[in-house]
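The structure appears below as structure tokens.
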Protein chains: 2
Amino acid sequence: MKSTKSARKTPAAAAGTQGKKVTLEMVAAACGVSPSTVSRILNGTAIVSPEKREAVDRAIAELGFIPNPIARGLAGGRTLSVGVVTQAIDSPFYGVALRGIEEELSQAGYSPLFVSGHWNAEEERRCIEVLRSRRVDGMIILTGRLSDDSLRNLAKTMPVVITGRTLTAPGLYALDFNNFEGARLATHHLLSLGHRKIAFISGDPIHPDAAERLRGYRAALEAAGVRYKPALVMPGKYFEESGLMAVERLIDSREPFTAIFSANDQMAFGAALALHRRGLRVPDDISLVGFDDLAGAEHSIPPLTTIHQAAHELGRLAAVSLLQLLAGQTPTGTLPEPRLIARASTRALA
Amino acid sequence: MKSTKSARKTPAAAAGTQGKKVTLEMVAAACGVSPSTVSRILNGTAIVSPEKREAVDRAIAELGFIPNPIARGLAGGRTLSVGVVTQAIDSPFYGVALRGIEEELSQAGYSPLFVSGHWNAEEERRCIEVLRSRRVDGMIILTGRLSDDSLRNLAKTMPVVITGRTLTAPGLYALDFNNFEGARLATHHLLSLGHRKIAFISGDPIHPDAAERLRGYRAALEAAGVRYKPALVMPGKYFEESGLMAVERLIDSREPFTAIFSANDQMAFGAALALHRRGLRVPDDISLVGFDDLAGAEHSIPPLTTIHQAAHELGRLAAVSLLQLLAGQTPTGTLPEPRLIARASTRALA
DNA sequence: TTGTAGGCGTTATCAC
DNA sequence: GTGATAACGCCTACAA
């Protein structure tokens, strides 16, 4: 497979595919111009004469030249890469967001650098150090545990997009989902179905969104004139197992309920299983509402009524916003409002 | 936040956190040695006198020096980053593998660069170009569509670990899961439960593992003296919806069956829903077995009997193997054998 | 408009 | 052992 004689037809493709090292300097030499000219053409940094431009373009194609981002990074300070701090790369919710980020970024010639903070501020800080040392041009942080101040400081260094909180600072753009409204919608849906004894499986209160969802639940209750009962609120941890255990505790407590609103889908799945084990049918005996609209919600049994959160859109928007920031523009995009997806896990109280 | 006077207690932490640019050269100057010496200490490239070493170590700590991987990459030819070609970053199965990769890599000081090929050879090739241009030190390719030859060629350029196929080549290590045996186990489980009319929802045959699973299904049938019936095999595409549709077609075909073996869990979830809609209970009326043991299998209703595939382990092993390749060693790790996880979706034929 | 020169932060190759 | 001195591949003043 050495590029012997047959390197005729498409030397470009051949070279590119084979990974021959073609440098900008070689391109310059090949068409008798200076390296700077080639660089300028590559970056559109200045106006060059059409003839040279064309000659260079051809040389680039023929030689199969690919600029070296490493060198570019060292010299120009830009690496065309952006850091993405997620919490767990295999999260069913954030995974979809990552995908959105990837799509948007790669389309713009940027590469994402994914790192996971595992819901741990210390680890997140380490992640950020890694990203910084890799000289990313900007960062997207998906709902981290970092303090607002840390973020503001980070934003002084480079453009930052943060999700899951409201925050204003120079060089920083925050994208927040209306968790309160989502939870209100979910609870209202159950109320409108005639349910009054609505249990709530909450998320870990250290998550800001978990707190908001609890607020939304309470607000809906209040608006409907239903008294808030702490005994109906079960703490969970956003994982299936905790939803399952929450329901077990709930049933064991003998506190009557006809519906459950789970602060996320994963816990709702666990809750459904717990109900199933106890011989309670969804929705016949108990109505169940989740939150997030994970990919699996549509095919769970029964299909889960839930609050749709546009994770994919979140990712895209975060990426686009960062790109705008990087281009010196001011992002203005906002997340779509929460929407109730009524499926088969809820029904009117008999 | 400029480092004014108060830069006392922990200048290191301060500098590190604030992102002040401390260069190797500054460290060298700080303790009166040459940059080369500092470099050598950093990389263990040569023996340096204990005194200097200590002085340098202290200076590094005090200044909060963090080596710049970009510059390192340019100079040394290594970037301490490895490319990971996955198919979809939000895949419930591969996501877990990515996590394993990330863990193992970051522990060794390497950063993964994730790119998605979306089951498309062309796109995969582009991904590889991107990774190559980013000068990754090696690549991990999760079950791609690339030809064996492409991979062999790639491996001539840099160390490569590939999963999902058997292949031997210099600089290349292949990690394959025993799909045949897994499918055989699943089918055998149903047979041992007394089932004879076992439907099979297959994956897309262009996936090599899908073909293997079909083979395993047939082998088990044959071993039990049960005739293979093409009418019981429904083509699927590895997604929930295709499992659902497969079951609908199956039922409509009026071909009798008492059990279903789905070539992956996602399709099994869809299948379960289809059965549910048709009023067929799992496992009372129909037994159902999946493949993969996704995170959701344990909490589906009913909990899904399936073949456990150690995705996390797959990721770790791939990473470790690449690290070994990078270190000039020869990897020897192999994936654990498939295991049947018997849960509640199967039961003996009445 | 285009070329020259210096530098980005390290590592590698030499001498000393 | 240790220190100069080149690269590494590109960008960006600055000069022409």
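All chains are named by letter (A, B, ...) in the order of the sequence lines, taking the proteins before the strands, and each is independently numbered beginning at 1.
- Phosphate contact (OP1/OP2 of C:dT2, side-chain N/O of A:Ser34, threshold under 4.0 Å): absent.
- No contact: A:Val38 has no heavy atom under 4.0 Å from any strand.
- A side-chain donor-acceptor contact under 3.5 Å links A:Thr163 to the backbone of A:Thr143.
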Please list, pair by pair, any protein nitrogen or oxygen found under 3.5 Å from a nitrogen or oxygen in nucleotides 6-9 of chain C.
from	atom 1	to	atom 2	distance (Å)
C:dC8	O2	A:Leu74	O	3.2
C:dC8	O2	A:Ala75	N	3.1
C:dG9	N2	B:Ala71	O	3.4

Tabulated below should be each protein N or O lying under 3.5 Å from an N or O of nucleotides 13-16 of chain D; please produce it.
none

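- When all heavy atoms of A:Leu105 and A:Pro112 are compared, the closest pair comes out as CD2-CB, 3.8 Å.
- Between the CG atom in A:Leu151 and the CG atom in A:Leu146 there is a gap of 5.0 Å [rounded to 0.5 Å].
- Spacing between atom CE of A:Met26 and atom P of D:dC8 amounts to 12 Å, rounded to whole angstrom units.
- Atom CD in B:Glu54 sits about 17 Å away from atom C1' in D:dG1, given to the nearest Å.
- Expressed to the nearest 0.5 Å, how far CG of B:Leu325 lies from CG of B:Leu172 amounts to 8.0 Å.
- Spacing between atom CD1 of A:Ile41 and atom P of C:dT2 amounts to 8 Å, rounded to whole angstrom units.
- For the pair A:Arg152 (side chain) and A:Pro170 (backbone), a donor-acceptor distance under 3.5 Å is absent.
- Comparing C:dT1, C:dT11, D:dT2 by their nearest atom to the side chain of A:Ile47 picks out C:dT1.
- Between the P atom of D:dG9 and the CG atom of A:Leu42 lies a distance of 15 Å, rounded to the nearest Å.
- For the residue pair A:Ser36 / A:Ser39, no side-chain donor-acceptor distance below 3.5 Å is found, with atom types taken as modelled.
- Contact check, B:Thr37 against D:dT2: no side-chain N or O comes under 4.0 Å of OP1 or OP2.
- Screening A:Arg126, A:Arg132, A:Arg125 against A:Glu129 for a salt bridge (Lys or Arg N to Asp or Glu O under 4.0 Å) leaves a single residue, A:Arg132.
- Looking at B:Gln87, B:Glu124, B:Arg145, B:Glu123 one by one, the single match for side-chain hydrogen bond (donor to acceptor under 3.5 Å, both in side chains) with B:His118 turns out to be B:Glu123.
- Between the CZ atom of B:Arg78 and the P atom of D:dC8 there is a distance of 18 Å, given to the nearest Å.
- Counting only residues at least two apart or on different chains, no salt bridge (charged side-chain N to carboxylate O under 4.0 Å, His left out) pair has a member in residues 76-86 of chain A.
- Between C:dT1 and A:Ser49, no contact under 4.0 Å exists linking OP1 or OP2 to a side-chain N or O.
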